[in-house]
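Please read the structure below before turning to the comments.
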Amino acid sequence: MADPAPTTLRIGVSACLLGQEVRFDGGHKHDRWLTGTLATWCELVPVCPEVEVGMTIPRESVRLEGDADAPRMVAPRSGVDWTKPMNEWARKRSRELAAEDLDGFVFKKNSPSCGLFRVKVHPEKGMPARGGRGLFAAAFAAAQPLVPVEEEGRLVDARLRDNFVERIFAYRRARDVFTGRWSRGAVVAFHSREKYLLMAHSPKHYQELGRLVAAIAQEPPAAFRDRYLALYMEALGVLATPRRHVNALQHVAGHLRGQVGDAEQKRLLAVIEDYGRDLVPLIVPITLLRHYIELLDVPYVKDQAYLNPHPRELMLRNHV
Ligand code: SF4
């Protein structure tokens, strides 16, 4: 039941979040969790769209204007329109980054270049609305729709942080299975190891993926791989809820029936119930289950990704 291997993941990050002084005012927005914690497990790849497209430091700030679905990037004081150069650069850079094999990307919130959600767009008339996406973030997400993406502002939420880190490790695991001359047997084994993780996110997706795997021989390998990866990442994008965690935990505990005494089984279920009532964090029932599963070397569940979706040192399940 080893932890995921460290240092193999590569995560793109808006450069100002790494402390690089690339913002319009010559400052940065250093995020200490990224450089102090995530960097222990991942190589961080900085990207600053505005500097890379040719803007100076310092510079006049830019903003999104017009239609939220196809906004223009304009420097409002001088009227300089950066839309065309930024869109062209963003498409080209997104293609280059695809070749860099990134496992995820953390974007700077609210930025007209990097913001992923609810970026301010100024219409021709009236008040600005928060319905846009930064031009680079939009190009990257369109070019690499399976790569997990998130904003640093949302990562302060423990559930969203846990979900993002789960997704970057899951994306790597899934791609590793399909690397080189992959076999159907390896995919079936992978799907089996992911069972309870998928159930904690979306039982519906788990069932659907199961049907896909059951018919694996009836589809050309590349088509199967693409469909499986897309559905798998979609499943993990559904936030796990306490109710679904309780369901997954109870299923895992079921594998210990007959292997631990009645008193221990009762204790396990009581701890799971405590988690469901928000009295203890997820790490408590998980640690107890891991203890028995390791001690008794329980087949099948001992290899479940659900028990080790990311390195324990990140302590993400201490807060959900
Ligand atoms: S938000 Fe993006 S474009 Fe703006 S300074 Fe940071 S990395 Fe550069």
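Side-chain atoms are counted along with the backbone in the values below, which use heavy atoms only and exclude waters and symmetry mates. Everything numeric here is computed off the predicted structure, so don't read it as measured data.
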(request) Quick one: do Trp41 and Glu313 satisfy side-chain contact (heavy atoms from CB on, under 4.5 Å)? Show the steps, please. (result) CA-CA 10 Å; Trp41 300 94; Glu313 287 80 354; 3.6 Å; yes

(message) Could you go through Val252 and Ile293, starting from their C-alpha distance and side-chain angles, then the distance that decides it, and tell me whether this counts as side-chain contact (heavy atoms from CB on, under 4.5 Å)?
(response) CA-CA 9 Å; Val252 174; Ile293 290 165; 3.7 Å; yes

(message) salt bridge (charged side-chain N to carboxylate O under 4.0 Å, His left out), that's the test. Do Glu219 and Arg184 meet it? Break it down for me.
(response) CA-CA 11 Å; Glu219 202 169 6; Arg184 289 174 187 157; over 6 Å; no

(message) Quick one, Leu316 with Val320, criterion side-chain contact (heavy atoms from CB on, under 4.5 Å). Give me CA distance, side-chain angles, the key distance, then yes/no.
(response) CA-CA 7 Å; Leu316 296 164; Val320 294; over 6 Å; no

(request) Take Glu151 and Asn110, measure what side-chain contact (heavy atoms from CB on, under 4.5 Å) needs, and give me the verdict at the end. (result) CA-CA 9 Å; Glu151 286 185 336; Asn110 293 339; 5.9 Å; no

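Side-chain N or O atoms of Ser111 include one that pairs as donor or acceptor with a backbone N or O of Ser113 at under 3.5 Å. Without hydrogens or angle criteria, Glu152 side chain to Leu17 main chain gives no donor-acceptor distance under 3.5 Å. A donor-acceptor contact shorter than 3.5 Å is absent between the side chain of Arg317 and the backbone of Asp162. Using a distance-only test at 3.5 Å, with no hydrogens or angles considered, a donor-acceptor pair links the side chain of Asn163 to the main chain of Leu236. Glu60 contributes a side-chain N or O that, together with a main-chain N or O of Arg77, makes up a donor-acceptor pair within less than 3.5 Å. Using modelled atom types, no side-chain atom of Ser192 and backbone atom of Val188 make a donor-acceptor pair closer than 3.5 Å. Looking at Arg133, its side chain never comes within 3.5 Å of a backbone N or O of Phe117 through a donor-acceptor pair.
Contact between Pro309 and Leu197 at its shortest, heavy atoms only, is CB-CD1, 4.3 Å. Contact record, His245 with Ala200: ND1-CB, 3.8 Å, taken as the closest heavy-atom pair. Here the shortest heavy-atom pairing between Met315 and His319 reads O-CD2, 3.3 Å. When all heavy atoms are compared, the tightest approach of Cys42 to Ile168 is SG-CD1, 4.3 Å. Taking all atoms of both residues into account, the shortest heavy-atom contact from Leu102 to Tyr171 is O-CE2, 3.9 Å. Contact between Ala174 and Leu229 at its shortest, heavy atoms only, is CB-CD2, 3.6 Å.
Taking the six-membered ring for Trp and thresholds of 30 and 60 degrees, His30 and His28 have ring planes more than 60 degrees apart, a perpendicular arrangement. Using a 30° and 60° split on the angle between ring planes, Phe224 and Phe178 fall in the tilted class, from 30° to 60°. Between Phe105 and Phe107, the ring planes lie parallel to each other; the angle is under 30°, not in the 30° to 60° tilted range. Between Tyr196 and Tyr300, the angle of the ring planes goes over 60°, which puts this pair in the perpendicular group of the 30/60° scheme.
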Under 3.5 Å, side-chain donor or acceptor atoms of residues 273-283 against the rest of the protein: list the pairs with distances, not counting sequence neighbours.
none

Listing, residues 203-217 side-chain donor-acceptor contacts under 3.5 Å, not counting sequence neighbours, or none:
unit_1	atom_1	unit_2	atom_2	d
His205	ND1	Ser202	OG	2.6
His205	NE2	Glu234	OE2	2.8

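A distance of 12.5 Å separates NZ in Lys108 from CG in Leu18, rounded to the nearest 0.5 Å. Distance check, rounded to the nearest 0.5 Å: CG of Leu9 to NE2 of His310 gives 12.0 Å. The NE2 atom of His251 sits 11.0 Å away from atom CD1 of Ile272, with the distance rounded to the nearest 0.5 Å. Distance check: Arg244 CZ to Leu249 CG gives 13.0 Å after rounding to the nearest 0.5 Å. Separation of atoms CZ (Arg173) and CZ (Arg193) is listed at 9.0 Å; rounding is to 0.5 Å. Between atom CE of residue Met86 and atom CG of residue Asp81 there is a gap of 11.5 Å, rounded to the nearest 0.5 Å.
Think of Met127 as one node in a network of Ile, Leu, Val, Met, Phe, Trp and Tyr side chains linked at under 4.5 Å; it has no links at all. The hydrophobic cluster containing Leu239 also includes Leu160, under a criterion of side-chain heavy atoms closer than 4.5 Å among ILVMFWY residues, counted directly or through chains of members. In the hydrophobic clustering, where aliphatic and aromatic side chains (Ile, Leu, Val, Met, Phe, Trp, Tyr) are joined below 4.5 Å either directly or transitively, Ile57 groups with Val22, Val51.
For Trp33, there are no ring-ring contact (aromatic ring centres under 6.0 Å, His included) partners at least two apart in sequence or on another chain. For Arg63, the side chain to side chain donor-acceptor pair (under 3.5 Å) partners at least two apart in sequence or on another chain are Glu65, His122. Under the side chain to side chain donor-acceptor pair (under 3.5 Å) criterion, Glu88 pairs with Lys84, sequence neighbours left out. Remark: Glu166 pairs with His201 by the side chain to side chain donor-acceptor pair (under 3.5 Å) rule, at least two apart or across chains. By the side chain to side chain donor-acceptor pair (under 3.5 Å) test, Asp176 pairs with Arg172, sequence neighbours left out.
Side-chain heavy atoms closer than 4.5 Å link hydrophobic residues (I, L, V, M, F, W, Y) into clusters, and following such links, even through other members, never connects Val149 to Val238.
A ring pair (Phe, Tyr, Trp, His ring centres under 6.0 Å) check over residues 42-93, counting only residues at least two apart or in different chains, returns the pairs Trp89-Phe136. Residue pairs meeting the salt bridge (Lys or Arg N to Asp or Glu O under 4.0 Å) criterion with at least one partner in residues 44-55, sequence neighbours excluded, are Glu50-Arg59, Glu52-Arg93.
Arg243 and Asn247 share no side-chain donor-acceptor pair at under 3.5 Å.
Counting non-hydrogen atoms of other residues, nucleotides and ligands closer than 6.0 Å to CD of Glu124 gives a total of 12 or fewer.
For the pair Arg175 and Tyr232, the cation-pi test (distance below 6.0 Å, angle within 45°) is failed.
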